[in-house]
Structure formats: structure tokens, C-alpha cells
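Working notes, structure below.
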Amino acid sequence: MASDYADRLALRRETLLLKIQAQRQLLSLQTQDVGEQIAFAEWSFQAGQQLIRLVRHKPLAGIAVVAGIVAVKPARLLNWLGTSFRIWKIWRQMAPLLKQDQPRS
């Protein structure tokens with residue numbers, strides 16, 4: 001009777017260890033994907049910051065970048081401009097409301 005219980009316990013332990021190993025492997029794969037995505041997001045953010053600095057110091061470079069985008073994908077640029085315009089309009093509508101909510105100093 002005791003050995004039957006010990007056998008079931010040992011089998012249960014092995015089952016749980018295999019399950020844990022599978023979960024660790026799955027977690028490792030998932031975190032690898034997330035890590036790659038975070039690395040790409042950081043790279044994109046830094047590239048965007050460098051582009052903004054470049055455009056601030058050399059406005060002609062900004063014009064050249066916009067001209068290049070227009071030459072390659074004019075529809076994408078128009079879509080982006082439309083989205084930017086809508087965001088700007090929403091911001092203008094929301095800005096007075098946000099200023100009202102700020103505590104006065």
C-alpha cells in the first residue's frame with residue numbers, strides 16, 4: 001500500500017517536472033520574441049530622436065527626407081499627414097479642457 005502511494009507520488013512528481021520544463025521553454029521563447037520587439041522599438045525611438053535632432057539643426061535635411069518619402073510612397077505620406085492633422089485638431093479641442101483640470105499654483 002505504501003509503495004503504491006510512493007509510486008503514484010513519484011509519477012506525479014515526474015509529470016509536474018516535465019510540465020515545468022515545458023513551461024520554462026515556452027516562457028523562454030516568448031521572452032525572446034518580446035526582447036526582440038523591445039530592441040526594435042528602442043532602435044526606432046533612437047533613430048527618431050536622431051532624425052529630429054538632424055532636422056532641427058539642418059532644416060534642409062528634413063526637407064530632403066520628406067521629399068524622399070514623397071518620391072517613394074506619396075500615398076503613405078498623405079495618409080500620415082491626414083492622421084497628423086486629425087490628431088492636431090483633437091489636441092486643439094482638448095487643450096483647453098486639460099488646462100482647466102491643472103491645479104493653479
**Study point:** Reported NZ-to-OG distance for the pair Lys89 and Ser84, which is rounded to 0.5 angstrom
**Key:** 13.0 Å
Practice item. Go through Arg8 and Arg12 one step at a time and tell me if the side-chain contact (heavy atoms from CB on, under 4.5 Å) criterion holds. Key: CA-CA 6 Å; Arg8 283 190 290 150; Arg12 174 82 171 137; over 6 Å; no
Return all side-chain donor-acceptor pairs below 3.5 angstrom for residues 44-58, not counting sequence neighbours, or 'none' if the list is empty.
unit_1	atom_1	unit_2	atom_2	d
Ser44	OG	Phe40	O	2.9

List the atom pairs, with distances to 0.1 Å, where a side-chain N or O of residues 19-31 and a protein N or O form a donor-acceptor pair under 3.5 Å, not counting sequence neighbours.
unit_1	atom_1	unit_2	atom_2	d
Thr31	OG1	Leu27	O	3.0
Thr31	OG1	Ser28	O	3.0

Exercise for review: Check whether any side-chain heavy atom of Leu9 sits under 4.5 Å from a side-chain heavy atom of Tyr5, and report yes or no.
Suggested key: yes
